[in-house]
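One structure below.
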Amino acid sequence: MEEKKTFYLTTAIAYTSGKPHIGNTYEAVLADSIARFKRQQGYDVRFQTGTDEHGQKIEIKSEEAGITPKQFVDDVSGQIKGIWDLMNTSYDKFIRTTDKYHEKQVQKIFKKLYEQGDIYKGFYEGMYCTPCESFFTSSQLVDGKCPDCGRECQPAKEEAYFLKLGKYTDRLIEHINTHPDFIQPESRKNEMMNNFLLPGLQDLCVSRTSFKWGIPVDFDEGHVIYVWIDALSNYITGLGYDVDGNNELEYDKDLFAKFWPANLHLIGKDILRFHTIYWPVMLMALNLPLPKQIFGHPWLLQNDGKMSKSKGNVIYADELVDIFGVDAVRYFVLHEMPFENDGVVTWELVTERVNSDLANTLGNLVNRTISMTNKYLGGIAEDKGSTEPVDNELKDLVTSAYKKVAGKMEALRVADAITEVFAIFKRCNKYIDETEPWILGKDESKKDRLSTVLYNLVESIITGASLLEPFMPETTCKILSQFNTVKKDINNMDKFGLYVPGTKVTDKPEILFARHDIKEVLERAEEINVKQVSANSKDIEDEKVIDTKAKPEITFSDFEKMQFQVGEIIACEEVKKSKKLLCSQVKIGSQVKQIVSGIKQYYKAEEMVGKKVMVLVNLKPAKLAGVLSEGMLLCAEDAEGKLALVSPEKDMPAGAEIC
RNA sequence: GGCGGGAUAGCUCAGUUGGCUAGAGCACACGGUUCAUACCCGUGGUGUCAAGGGUUCAAAUCCCUUUCCCGCUACCA
């Protein structure tokens with residue numbers, strides 16, 4: 001017996017901070033369509049997905065909710081799995097990073113890398129220059145000395161573990177250059193090369209001491225393993241990988257040997273860096289082969305910019321499914337997502353696609369074909385051999401469709417692949433027009449021709465429905481059962497005429513996809529929005545509170561060192577070389593200081609003028625983007641990083657001391 | 001600021017190494033048809049191919065300049 005070829009693909013594991021919106025769900029559906037397609041092709045497929053459950057954010061959220069982190073992630077992970085199941089994703093393995101075997105292996109991996117010197121203990125903050133009171137990373141130092149004053153720097157602050165990236169950089173660059181498909185789409189490859197690899201990599205800090213909710217470093221109490229080391233490892237721990245080969249058989253031992261290296265890591269474009277740099281380095285350090293391909297897919301966004309819970313305009317997969325059904329949503333996300341640019345999702349667009357492609361083109365085709373078969377032929381369409389030249393066009397298109405679909409899928413052009421399938425259905429509609437069965441039906445002598453025409457249609461639809469299975473599995477089943485037949489085998493896709501003669505179609509064709517009225521859809525969307533807003537009003541309250549990491553206590557004399565005064569902005573202009581910086585002339589008492597601040601996104605230069613703001617006056621001057629800054633304008637920052645200037649509550653003169 | 005990618009029909013976009021009157025889908029209009037979920041089929045664009053210049057027998061496609069968008073990245077005292 002010949003071994004089947006294997007295909008291992010993964011999604012990124014979803015972070016368990018909350019319910020996944022349609023954009024997250026897209027990735028799971030995309031992966032599922034690829035997994036199903038590969039299975040259809042005869043591969044032995046393993047499809048892994050799951051949840052990423054550690055980190056400070058979850059620790060904080062669970063505290064707020066008054067439950068343990070584990071309780072919190074159990075709940076959210078369950079929700080995520082529920083949506084993946086709702087979307088009919090056929091994963092073979094749903095891994096959780098709180099699974100015991102995973103945690104144990106991550107500790108072993110960390111230890112091994114430490115013991116062989118790829119991870120070393122260092123200091124998180126970096127190099128400290130006492131006179132300048134500044135930290136620098138080692139790469140910022142000039143000849144090992146402070147880049148500002150040229151004096152000696154000392155390592156300082158928090159102990160932490162680092163992963164040596166430099167050691168493997170050349171190998172990684174070489175690998176990327178010799179494997180053009182390794183990073184897809186190609187433009188992403190350039191970003192990684194130009195921004196990280198070619199300039200040289202700084203060692204990555206791979207441990208934390210500021211929170212507890214993570215996998216502990218088992219040989220150094222207080223340290224928790226960086227969440228990305230933890231998360232990335234899932235791709236091998238989920239296969240039962242064991243560092244020293246002595247796993248307690250929680251997994252089939254053969255899985256890892258069978259499926260690693262992965263054929264495809266499917267991830268969002270935002271986490272490409274972790275997958276194309278840190279993950280390959282980890283694997284090289286573990287002396288394991290690298291995955292064949294990493295695809296950073298674009299995002300599905302909402303029209304009016306960012307989705308926000310507080311606006312109640314987040315579109316969730318289950319809400320779309322409520323209205324349109326699972327396969328309609330699968331179809332939309334797969335069809336609407338381009339290869340390289342972000343896609344857009346709105347209620348209007350979904351309605352339009354469902355009506356036009358699913359209800360009109362596909363649903364109506366199946367319906368009219370079955371109706372005619374019943375009306376004219378008593379439900380049995382057989383090939384009576386009465387062919388005409390026009391038939392060949394249809395047959396050619398149908399029998400060549402699989403090849404085209406396979407080509408698109410090979411290139412991960414899933415949207416294009418699904419379009420190829422629909423070309424069959426469109427051609428069928430045209431064929432009906434060309435052959436006019438309702439006219440043939442009126443003439444008893446044309447009965448054989450009529451039967452052949454309908455047979456050709458049925459065969460074509462069955463072929464199309466079979467090809468549709470990776471994308472819309474339920475619809476495939478529904479169509480095939482209406483024709484009382486089974487899926488056409490992939491090896492027979494180039495053959496025409498396999499529908500068994502004498503098969504009777506269903507008496508009552510079921511409507512596959514209902515047409516939706518856009519007004520009604522929007523009304524329902526509005527109801528959902530209202531619900532979201534009220535359901536999240538508590539969350540909104542929570543969002544107003546921000547917890548930051550506590551800094552060490554300071555003495556009053558520490559505080560006294562800082563001089564705060566009210567400043568009046570008398571002039572302000574943009575720093576031309578920078579996207580974020582504004583340069584203000586600030587009147588403080590009788591003197592004027594020039595201060596540069598990174599607030600261009602939030603304030604225009606004109607509107608700055610005349611404002612009274614709080615200024616830290618005695619900060620050591622520094623150059624930003626080449627412009628001298630002699631102090632700091634104080635701002636409040638929210639969770640999204642938006643800034644607001646801090647002003648005295650009553651009008652105060654410029655120069656007034658703040659104490 | 002550095003690197004990269006864009007700018008093509010009302011909308012979303014295709015246009016491979018320069019080469020037949022610049023295309024597809026959606027929307028819209030008209031015509032046809034009635035088996036069907038008011039569906040399907042056909043026909044319809046005067047598009048400055050962002051602007052300007054250059055190379056060429058020939059440029060949406062190559063080169064230069066400009067404007068505007070987007071991505072990654074840096075500066076965020």
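A:H335 places its NE2 atom 16 Å from the P atom of B:U12, with the value rounded to the nearest Å. One interatomic measurement links the two molecules: CZ of A:R273 to C1' of B:A74, which rounds to 12 Å at whole-angstrom precision. In this structure, A:E348 places its CD atom 15 Å from C1' of B:U12, rounding to the nearest Å.
Remark: A:K384 engages A:E382 in a salt bridge, criterion side-chain N to carboxylate O under 4.0 Å. A salt bridge is defined here as a Lys NZ or Arg NE, NH1 or NH2 lying under 4.0 Å from an Asp or Glu carboxylate O, and A:E474 with A:R330 fails to meet this definition. Ion pairing of A:R449 with A:D443 is absent here, as no side-chain N (NZ or NE/NH1/NH2) approaches a carboxylate O to less than 4.0 Å. The pair A:R273-A:D270 does not meet the salt-bridge criterion, since no charged nitrogen lies less than 4.0 angstrom from a carboxylate oxygen. Between A:R427 and A:E434 there is a salt bridge, since at least one side-chain N of the basic residue sits less than 4.0 Å from a carboxylate O of the acidic one.
Partners of A:E27 under the side-chain hydrogen bond (donor to acceptor under 3.5 Å, both in side chains) rule, at least two apart in sequence or in another chain, are A:H297. Applying the side-chain hydrogen bond (donor to acceptor under 3.5 Å, both in side chains) rule to A:D357 yields the partners A:Y331, A:R353; only residues at least two apart in sequence or on another chain are considered. Shown here are the salt bridge (Lys or Arg N to Asp or Glu O under 4.0 Å) partners of A:K612, two or more places apart in sequence or in another chain: A:D651.
Distances shown here put a side-chain N or O of A:K430 below 4.0 Å from the OP1 or OP2 atom of B:G42.
Distance check on atom C1': B:C11 versus B:U67 gives 24 Å, rounded to whole Å. The P atoms of B:G23 and B:G45 are separated by 11 Å, rounded to the nearest whole Å. The same atom, P, is picked in B:G18 and in B:U56; the two are 16 Å apart, to the nearest Å. The same atom, P, is picked in B:U8 and in B:C13; the two are 9 Å apart, to the nearest Å. Rounded to the nearest Å, the gap between the C1' atom of B:A7 and that of B:G52 is 15 Å. Using atom P as the reference point in both B:U21 and B:A36, the two lie 46 Å apart (nearest Å). Atom name P, nucleotides B:A51 and B:G10: the rounded distance is 14 Å, in whole Å. Only the P atoms considered, B:A38 is 37 Å distant from B:G15, to the nearest whole Å.
Residue contacts for A:I595: at a heavy-atom cut-off of 4.0 Å it reaches no nucleic acid atom on any strand shown. Using a 4.0 Å heavy-atom cutoff across all strands shown, A:S597 reaches sugar-phosphate atoms only and no base atom. The residue A:F513 sits close to a base: some heavy atom pair falls under 4.0 Å. Nucleic acid contact for A:G631: sugar-phosphate only, since backbone atoms but no base atoms lie under 4.0 Å from a heavy atom of the residue.
In this structure, A:Y499 and A:Y455 have tilted ring planes: the angle between them lies in the 30° to 60° band.
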Note to self: Working note: A:H516 + A:F324, criterion side-chain contact (heavy atoms from CB on, under 4.5 Å); need CA distance, chi angles, decisive distance, verdict.
What the structure shows: CA-CA 8 Å; A:H516 290 272; A:F324 298 103; 3.7 Å; yes

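Under the 6.0 Å cut-off for aromatic ring centres, A:H175 and A:F182 qualify, their centroids lying closer than that.
Residues A:I277 and A:L272 fail the side-chain proximity criterion, which asks for heavy atoms closer than 4.5 Å.
Stem analysis of RNA chain B (at least three stacked-register Watson-Crick or G-U pairs, each with both distances under 3.5 Å) gives B:1-7 with B:67-73, B:10-13 with B:23-26, B:28-32 with B:40-44, B:50-54 with B:62-66.
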Check nucleotides 24-27 of chain B against the protein and report each pair of N or O atoms closer than 3.5 Å, with its distance, or say if there are none.
| unit_1 | atom_1 | unit_2 | atom_2 | d |
| --- | --- | --- | --- | --- |
| B:C26 | O2' | A:E352 | OE2 | 2.6 |

Enumerate all atom pairs, one protein N or O and one N or O from nucleotides 34-36 of chain B, separated by less than 3.5 Å.
| unit_1 | atom_1 | unit_2 | atom_2 | d |
| --- | --- | --- | --- | --- |
| B:C35 | O2 | A:R368 | NE | 3.2 |
| B:C35 | N3 | A:R368 | NE | 3.3 |
| B:C35 | N3 | A:R368 | NH2 | 2.6 |
| B:C35 | N4 | A:R368 | NH2 | 2.9 |
| B:A36 | O3' | A:N367 | OD1 | 2.8 |
| B:A36 | O2' | A:N364 | OD1 | 2.5 |
| B:A36 | O2' | A:N367 | OD1 | 3.1 |
| B:A36 | N1 | A:R368 | NH2 | 3.3 |
| B:A36 | N3 | A:N364 | ND2 | 3.3 |
| B:A36 | N3 | A:R368 | NE | 3.1 |

